[in-house]
**Student:** 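Sharing a structure, written as structure tokens. Questions coming.
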Amino acid sequence: MSDFFDRFPATGYICAHRGAGSIAPENTLLAFTESRRCGVDLLEADVQATADGELVLFHDESLKRTTDVAERSEYSDRSPWKLSDFSLTELQQLDAGSWFLKTDPFGTVAAAEVKKESFAAIEAQQVPLLHEVLDLCVQNNLPLNLEIKDQAGTAANGIIVGKILSLLKTTRTEHLVLLSSFNHDYLRQVKQLNPAIATAALVEKKHPENLLDYLYDLKVDAYHPDQLITDAELIKQLTAAGMRVSLWTVNDVERARYFSAAGATFICTDWPQRLIQSHHSA
Ligand code: G3P
Ligand code: MG
């Protein structure tokens with residue numbers, strides 16, 4: 001059994017979704033360091049592989065939304081700019097921060113919650129290596145909920161799990177990381193290769209049939225459904241049967257309280273600064 005959950009004996013821990021996308025550009029080192037400063041209990045990040053097999057943190061399949069790739073003339077013939085077609089060297093030349101100031105995805109720039117003094121650091125953000133965030137986690141004893149993005153159709157599909165596990169081993173972070181995925185085959189592979197690593201099944205639109213049996217068969221340590229398809233009753237049933245449940249993505253303070261009271265382990269949020277304050281004042 002994994003010891004990842006030993007550090008989470010209660011409910012309602014706050015998890016920074018993509019490193020807290022309302023504070024800084026999602027899945028960047030700045031987002032992870034800022035959400036740590038804000039006092040989150042753990043980070044969530046998305047991992048994918050580059051064309052040359054390097055593990056990087058990035059959410060979308062395409063680089064378009066959260067980098068300046070579409071404005072770069074040298075990449076004009078690479079549309080739709082799939083991350084899996086780019087090498088690490090190419091990726092590291094992209095600006096992964098300025099889009100945040102331009103599009104202000106959570107309105108925190110206009111509201112001056114993001115301070116002008118941070119703009120230069122935001123504009124300097126690059127796509128980080130998984131390794132860099134694992135170092136941050138070790139230095140701060142901060143756990144990571146690492147979501148393995150579905151690599152189907154790319155060269156990394158058959159090797160990403162093995163690569164992640166070797167990196168966790170060499171960085172001695174196996175106890176600090178929970179591996180989650182919508183691709184449940186990856187979770188099976190994790191448990192076959194190293195049953196001591198904690199896993200969580202992500203589900204979006206519909207709960208699988210015979211849910212508990214399904215989760216037991218996958219040998220997962222936790223269930224992570226979309227909050228939109230989940231209620232307190234389900235959380236109570238599953239936790240009574242020994243299954244940990246965590247929700248994503250909960251940005252409403254009352255809704256976070258509701259799930260925590262029902263027994264949810266983590267609340268994955270874009271707004272940890274609001275939820276932490278509310279949990280402390282509750
Ligand atoms: O970990 C849950 C959540 O991150 C899944 O959704 O699309 O934000 O990666 P997404
Ligand atoms: Mg994710």
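Throughout, numbering of the chain's residues begins at 1 and tracks the sequence. In listed order, ligands and their atoms are each counted from 1.
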**Student:** If only atom types and distance count, is the side chain of R72 paired as donor or acceptor with the main-chain N or O of Q93 below 3.5 Å?
**Tutor:**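 Yes: the side chain of R72 pairs with the backbone of Q93.
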**Student:** Can you list the ligand 1 atoms lying under 4.0 Å from a non-hydrogen atom of E44?
**Tutor:**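 Near E44, the atoms of ligand 1 are 1 (O), 2 (C), 3 (C), 4 (O).
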**Student:** Set out, in order, the CA-CA distance, both residues' side-chain angles and the distance that settles side-chain hydrogen bond (donor to acceptor under 3.5 Å, both in side chains) for Y214 and H207, then state yes or no.
**Tutor:** CA-CA 10 Å; Y214 180 85; H207 301 289; over 6 Å; no
**Student:** Could you pull out, from F266, W248, F182, the option with a heavy atom nearest to atom 2 (C) of ligand 1?
**Tutor:**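 Considering heavy atoms of F266, W248, F182, the nearest to atom 2 (C) of ligand 1 sits in W248.
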**Student:** Indicate yes or no for a side-chain donor-acceptor contact from N27 to the backbone of A45 under 3.5 Å, with no hydrogens or angles considered.
**Tutor:** no
**Student:** Between K115 and E117, does at least one N-O distance fall below 4.0 Å, as a salt bridge requires?
**Tutor:** no
**Student:** Please verify whether a non-hydrogen atom of H224 lies at under 4.0 Å from ligand 1.
**Tutor:** no
**Student:** Only heavy atoms count here, so choose which of E147, H17, H59 is nearest to atom 7 (O) of ligand 1.
**Tutor:**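 When every heavy atom of E147, H17, H59 is considered, H59 comes closest to atom 7 (O) of ligand 1.
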**Student:** Determine whether a donor-acceptor pair (N or O, by modelled atom type, separation under 3.5 Å) exists between the side chain of R7 and the backbone of P143.
**Tutor:** no
**Student:** Enumerate the atoms of ligand 1 whose separation from the nearest heavy atom of K149 is less than 4.0 angstrom.
**Tutor:** 7 (O), 9 (O), 10 (P)
**Student:** Any side-chain to backbone donor/acceptor pair from S22 onto F106? Under 3.5 Å, distance only.
**Tutor:** no
**Student:** Could you tell me which non-hydrogen atom of G12 sits nearest to which non-hydrogen atom of S260, and how far apart they are?
**Tutor:**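 The answer is CA-OG, 3.3 Å.
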**Student:** One thing to verify: whether K206 and E209 come together as a salt bridge, which I'm taking to mean a side-chain N less than 4.0 angstrom from a carboxylate O.
**Tutor:** yes
**Student:** Between CG of L247 and CG of L228, what distance do you get to the nearest 0.5 Å?
**Tutor:**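 Output value for this atom pair is 9.5 Å.
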**Student:** Applying salt bridge (charged side-chain N to carboxylate O under 4.0 Å, His left out), which residue pairs with at least one partner in residues 177-190 are found, sequence neighbours left out?
**Tutor:**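 Found R188-D217.
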**Student:** Within less than 2.8 Å of the Mg ion (ligand 2), how many protein N/O/S atoms are there?
**Tutor:** 3
**Student:** Compute the shortest N/O to N/O distance between R18 and ligand 1 and return yes if it is under 3.5 Å, no if not.
**Tutor:**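 Checking ligand 1 against R18, an N or O pair does fall under 3.5 Å apart.
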**Student:** Tell me the contacting part of D46 for ligand 1: side chain, backbone, both, or neither, using a 4.0 Å heavy-atom threshold, strictly below.
**Tutor:**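 The answer is the side chain of D46.
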**Student:** At a 4.0 Å threshold, what atoms of ligand 1 neighbour a non-hydrogen atom of L202?
**Tutor:**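 Checking each atom against L202, I get 1 (O), 2 (C).
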